[in-house]
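These notes are about the structure you will find just below.
In what follows, chains carry the letters A, B, and so on, assigned in the order in which the sequence lines appear, proteins first and then strands, with residues in each chain numbered from 1.
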2 protein chains.
Amino acid sequence: MNPTPRQKQILDFVTRSIDRRGFAPSIQEICDHFDLSSTATVHKHLKNLAARGLLNRESHRSRALEVPSAHAPEPVEIPLLGRVAAGVPIEAISNPDTISIPADWLGRGERFALRVRGDSMIDAHIEDGDVVVVERRETARDGDTVIALVDDAEATLKIFRSQADGRVRLEPRNESLKPMVFEAGRVRIQGAVVGVLRRYDRRS
Amino acid sequence: MNPTPRQKQILDFVTRSIDRRGFAPSIQEICDHFDLSSTATVHKHLKNLAARGLLNRESHRSRALEVPSAHAPEPVEIPLLGRVAAGVPIEAISNPDTISIPADWLGRGERFALRVRGDSMIDAHIEDGDVVVVERRETARDGDTVIALVDDAEATLKIFRSQADGRVRLEPRNESLKPMVFEAGRVRIQGAVVGVLRRYDRRS
DNA sequence: AGAGTATAGGCGAAAGAAAAGCGAACGTTC
DNA sequence: GAACGTTCGCTTTTCTTTCGCCTATACTCT
């Protein structure tokens, strides 16, 4: 059985909390996180989640929450789909390499990685050679760092801005490069950057 | 079943202790480490951990603790030893949190992580809030990005330069900050930065 | 259409259980 | 006998559970 939106929020929070810290949150902590004022509310949510089989609990034990492993065999590897700004749509890569990422960087959505080419985001402190971890999405919120495809021709790493006139502005973060504005139809979002990995010890 | 926060702290301590020394700590040692005054408290924790299946014990045998490895399949985790530039020597942190890193970032040496505070390395594109992965070392090569302890008082993130006069120069990467030069004896290298992790999706 | 009813989401307060701690005494093992 | 581990009663703190009451929304039965 599927959770309500609210229940999903809470379930996600519990899940994240467990793999981030190694233990489940207390009811009070969940309360605080969602800005609720009564523990009774959270308790009810947990009860409902358990009734739907989305959560296992042990009565009267503190922090005794377990998320039944829907996401059990977590691969800590994701595909490395080439280089951004290399002029190829993401889907087009057929035999991707893979790259390891921190286990807790896996989110709910599909994630992939791209190696950054060039300095177009240098002022956001993303360097040439860095790897960006991207969550596949087709929409973006204002200010997101995205992989965008313009006219299905070139994947680029930019800041996403939706303008008042309905068009889309893609901003680099480099003084010497200018933002570009496109009709919304010409821009396809491929994903949003959720993290950056940089290694110093493998640079020959 | 998940541990409580306290139980996880103790479990982590036991695990690290076994890793480092080859044998488990005594109850008294755990007591001392957590500044507790009664061994009964620790004993209770160990009992509870065993009840949750997170620890195997042999009754009445000293230091007979075992952490079931089933629970740790491939957790590529390293200790997160606080914040650099926070004025505390690395060794002094007693109850480190841990953080996940990519599986292939483990090298031959011991590695740990630090959260970066401040913008002293901003021109090297290391931002406030980033996590640096550090390989523990006591020496550095010219140009390495290092965690250095000056007068055993403050851990800082700098570029390491050894000067012709035998002294050591620690260079920030921030226009508004100046390099500092010290007698070699005053500077203790704690490790060299091997990578940077940055997340955008967990900044709530 | 309106009445009834079920479910989700929420509040606050109070009750009660578990976790975490203490000190001291008691057992085991080597 | 020394060093450890174990048990007991007791306190405080943290967490969970329950109760009554409220508001919505959606679904069903006249």
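- Taking atom CG of residue B:L46 and atom P of nucleotide C:dA20, one finds them 12 Å apart after rounding to whole Å.
- Looking at heavy-atom distances under 4.0 Å, B:K47 makes no contact with the nucleic acid at all.
- Within the 4.0 Å cut-off from OP1 or OP2 of D:dT14, not a single side-chain nitrogen or oxygen of A:S62 is found.
- The nearest whole Å value for the distance from the CG atom in A:L49 to the C1' atom in C:dA8 is 12 Å.
- In this structure, B:N48 atom CG and D:dT14 atom P are separated by 17 Å, rounded to whole Å.
- B:R57 has a side-chain polar atom (N or O) that falls below the 4.0 Å cut-off from OP1 or OP2 of D:dT6.
- In this structure, the nucleotide among C:dA8, C:dG21, C:dA19 sitting nearest to the side chain of A:T4 is C:dA8.
- Look at NE2 on B:H43: it is 16 Å from C1' on C:dC22, rounded to the nearest Å.
- Within the nucleic acid shown, B:T39 comes within 4.0 Å of at least one base atom, counting heavy atoms only.
- At a cut-off of 3.5 angstrom, the base of C:dG12 holds at least one donor-acceptor pair with the side chain of A:S38.
- Among the nucleotides C:dT28, C:dA19, D:dC4, the one closest to any side-chain atom of B:R63 is D:dC4.
- Looking only at distances, a side-chain donor or acceptor of A:R115 sits under 3.5 Å from a matching main-chain atom of A:G129.
- If you take CG of A:L65 and P of D:dT16, they are 7 Å apart, rounded to a whole angstrom.
- Looking only at side-chain heavy atoms (C-beta outward), B:E175 and B:D123 come within less than 4.5 Å of each other.
- For C:dG12, one of the phosphate oxygens OP1 or OP2 lies less than 4.0 angstrom from a side-chain nitrogen or oxygen of A:S37.
- Map A:K44 and A:I27 each onto its nearest nucleotide of DNA chain D; the residue landing nearer the 5' end is A:I27.
- In this structure, B:R52 reaches the C:dA19 phosphate: one of its side-chain N or O atoms is under 4.0 Å from OP1 or OP2.
- Contact annotation for B:L36: backbone-only contact, meaning every heavy-atom pair under 4.0 Å involves sugar-phosphate atoms and none involves a base.
- Out of C:dA19, C:dG23, C:dG9, the shortest distance to the side chain of B:A40 is found at C:dG23.
- Between A:V131 and A:V196 the shortest side-chain heavy-atom distance does not fall below 4.5 Å.
- With hydrogens and angles disregarded, no donor-acceptor distance shorter than 3.5 Å links the side chain of B:R199 to the backbone of A:V194.
- Applying the 4.0 Å criterion to OP1 and OP2 of C:dA20, one finds that B:H45 has a side-chain N or O inside that range.
- D:dT23 atom C1' lies 15 Å from atom CZ of A:R6, rounded to whole Å.
- Under the 4.5 Å side-chain criterion, counting only non-hydrogen atoms from C-beta, A:L65 is not in contact with A:N56.
- Residue A:T41 places none of its side-chain N or O atoms closer than 4.0 Å to OP1 or OP2 of C:dG9.
- For the pair B:Q7 CD and C:dA19 P, the interatomic distance rounds to 7 Å; values are reported in whole Å.
- Separating the CD1 atom of A:I30 from the P atom of C:dG9 is a distance of 14 Å, rounded to the nearest angstrom.
- When the side-chain nitrogen and oxygen atoms of A:H60 are compared with OP1 and OP2 of D:dT17, none of them lie within a distance under 4.0 Å.
- Looking at B:D144, its side chain never comes within 3.5 Å of a backbone N or O of B:V146 through a donor-acceptor pair.
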